[in-house]
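Step one of this worksheet: look at the structure below.
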Number of protein chains: 2
Amino acid sequence: MRTAAVEDYVKSIYKLQTETETVSTSALAERTGTTAAAVTKMLKHLAQLNLVSYTPYHGARLSPMGETIALEVIRHHRLLELYLAQAMGYPWEEVDAEAEKLEHVISEEFEESIARLLGFPEFDIHGDPIPSRDGQMPKTATETLEAQAVGTQVVVRRVSDADAALLRYVGECGLKPGVEVQILAREPFGGSLTLEIDGLERRVSPQAAQNVFVERCAAQSLGMKSAPQ
Amino acid sequence: MRTAAVEDYVKSIYKLQTETETVSTSALAERTGTTAAAVTKMLKHLAQLNLVSYTPYHGARLSPMGETIALEVIRHHRLLELYLAQAMGYPWEEVDAEAEKLEHVISEEFEESIARLLGFPEFDIHGDPIPSRDGQMPKTATETLEAQAVGTQVVVRRVSDADAALLRYVGECGLKPGVEVQILAREPFGGSLTLEIDGLERRVSPQAAQNVFVERCAAQSLGMKSAPQ
DNA sequence: ATTAATATTTAACCGGGGTTAAATATTAAT
DNA sequence: ATTAATATTTAACCCCGGTTAAATATTAAT
């Protein structure tokens with residue numbers, strides 16, 4: 001049976017798989033907020049359903065079927081996040097929790113409706129890529145704002161939604177996908193960055209900057225518009 | 001725990017309570033599509049949670065707490081139905097099934113959002129009353145279209161959503177809440193009714209007419225606009 | 001008032017998803 | 001290579017929501 005729990009595990013495995021070849025029991029337990037024992041049992045169950053290949057003591061990987069389901073659930077989740085923010089006025093740090101519950105119950109029709117209403121978007125409100133209905137995942141930026149050299153001109157592409165409080169802070173700083181940013185200065189030893197956002201000078205913590213992913217503007221990265229101090 | 005199952009039972013009891021003083025095990029079993037044994041167990045559980053008063057062999061009634069929960073769930077359901085139809089373009093015979101799943105997972109915030117977007121409506125897409133946040137249920141029409149005398153002028157107020165196929169048919173006849181209808185003729189022995197809807201002559205089955213609830217237009221019910229044949 | 005029909009409850013079971021505690025593998029360290 | 005630390009699995013248990021089959025109440029009928 002494709003229960004909400006099964007979908008959640010599959011989604012978690014999908015995400016952990018991007019970091020490690022094989023997903024360990026403990027990593028899954030931590031991510032799902034359950035115990036290792038519960039994970040072991042579920043992995044056996046998922047293997048039974050042909051959603052993962054599982055070697056006891058050596059972790060699991062999604063099967064093609066498992067991956068398909070993961071992408072469907074992630075598509076639901078991210079479309080919902082965007083819809084909640086765009087159509088219903090949710091603040092972007094709250095959409096994740098609501099989408100987490102809705103993703104398991106909406107029909108294909110509902111998914112299609114909101115996708116249409118949103119104009120078949122490729123990225124959600126945080127800039128996370130929305131898999132297409134046939135499972136294609138749009139490319140997304142991987143360089144952090146924190147890693148940028150002083151003087152660089154970048155566009156924000158994505159903000160990690162892992163921590164709602166941080167997300168809120170980052171949003172208040174004006175660091176949202178699509179926003180252009182110039183790195184004006186960096187305090188040494190892990191200090192904050194000084195940025196120019198929308199013509200205004202802004203200071204952001206390095207932790208925040210580590211959770212903001214950007215794309216460099218080729219044209220501006222060499223010849224800067226206004227020289228940094 | 002307030003699970004989806006608990007909410008569904010409470011909602012079912014609420015609806016059955018309007019027809020009979022006390023809700024029997026078998027009536028609930030039929031409505032929830034389960035067995036009498038499952039119902040007995042759940043009734044004990046609900047009594048434990050103080051959501052019903054339950055006398056073995058003599059049925060159950062909602063407690064004040066149970067009624068509150070029932071009204072909350074019904075409010076979710078009907079707001080969702082209206083939202084799905086109005087904002088998302090669902091056909092009105094499909095909204096029930098989708099709302100059935102969503103009603104258990106949306107947050108108070110979600111509820112408030114769609115209520116606001118819909119302009120704090122009092123009736124859903126079928127004309128069913130939406131309980132207010134403090135549990136007030138708007139009054140609704142109880143006379144059926146079928147029961148109306150020839151020559152009567154009425155306004156459709158509500159259409160039973162019990163049968164999706166029938167609902168679809170009724171909708172195609174143009175019998176939607178707010179529509180004005182004049183009863184032109186009635187075939188004897190349970191035959192169909194001839195109506196004037198929107199200036200057009202329409203014939204509807206008696207079964208359909210029994211599922212349409214109307215309000216008589218006081219002004220027109222005596223002096224008719226155009227005489228029936 | 002007794003019997004028959006019907007409704008309801010109880011008992012034993014199952015699957016899903018979780019827990020803790022104990023047993024067992026694996027990995028790291030000496 | 002053996003030991004110690006750590007990760008994983010197994011076992012026994014819990015709750016939830018359902019099932020079927022048997023036992024028991026209630027209601028209807030004679």
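Model, not experiment: these values are computed from the prediction. Each chain gets a letter, A, B and so on, in the order its sequence line appears, and its residues count up from 1.
For dG16(C), its base never sits under 3.5 Å from the side chain of K41(A) at any donor and acceptor pair.
Distances from the side chain of Y57(A) to the nucleotides dC16(D), dT26(C), dG17(C) place dT26(C) closest. Closest to the side chain of A37(A), out of dG18(C), dT10(D), dT8(D), is dT10(D). Comparing atom distances between the S26(B) side chain and each of dA7(D), dG18(C), dT8(C) picks out dT8(C) as nearest. In the set dT8(D), dT20(D), dT20(C), the nucleotide with an atom closest to the side chain of T35(B) is dT20(D).
Side-chain polar atoms of H76(A) and E72(A) form no donor-acceptor pair below 3.5 angstrom. A donor-acceptor contact closer than 3.5 angstrom is absent between the side chains of E67(B) and Y14(B). With 3.5 Å as the limit, one finds a donor-acceptor pair spanning the side chains of S107(A) and E98(B). Using a 3.5 Å distance cut-off with no hydrogens or angles, the side chains of D128(A) and H77(A) do not pair a donor with an acceptor. Of the N and O atoms on the side chains of D8(B) and H104(B), at least one donor lies less than 3.5 Å from an acceptor on the other residue.
In this structure, CG of L49(A) is placed 9 Å from P of dG17(C), rounded to the nearest angstrom. Rounded to a whole Å, the CE atom of M1(B) is 14 Å from the P atom of dC15(D). Following rounding to the nearest Å, L46(A) (CG) and dG18(C) (P) show an atom-to-atom distance of 11 Å. Residue H45(B) contributes atom NE2, which lies 13 Å from atom C1' of dC14(D) at whole-angstrom precision. The separation between L43(B) atom CG and dG17(D) atom P is 13 Å, rounded to whole Å. In this structure, H58(B) atom NE2 and dA25(D) atom C1' are separated by 8 Å, rounded to whole Å. At whole-Å resolution of the value, CE in M42(A) and C1' in dG15(C) are 12 Å apart. With rounding to whole Å, E30(B) atom CD is found 14 Å from dA7(C) atom C1'.
In this entry dT20(C) has dA11(D) as its Watson-Crick or G-U wobble partner, both defining distances falling under 3.5 Å. Applying the Watson-Crick and G-U wobble criteria (two distances, each under 3.5 Å), dT26(D) pairs with dA5(C).
Nucleic acid contact for A5(B): sugar-phosphate only, since backbone atoms but no base atoms lie under 4.0 Å from a heavy atom of the residue.
Checking the phosphate oxygens (OP1, OP2) of dT10(D), no side-chain nitrogen or oxygen of T40(A) falls inside 4.0 Å.
In terms of position along DNA chain C, the nucleotide closest to Y54(B) lies nearer the 5' end than the nucleotide closest to the other residue of the pair G33(A) and Y54(B).
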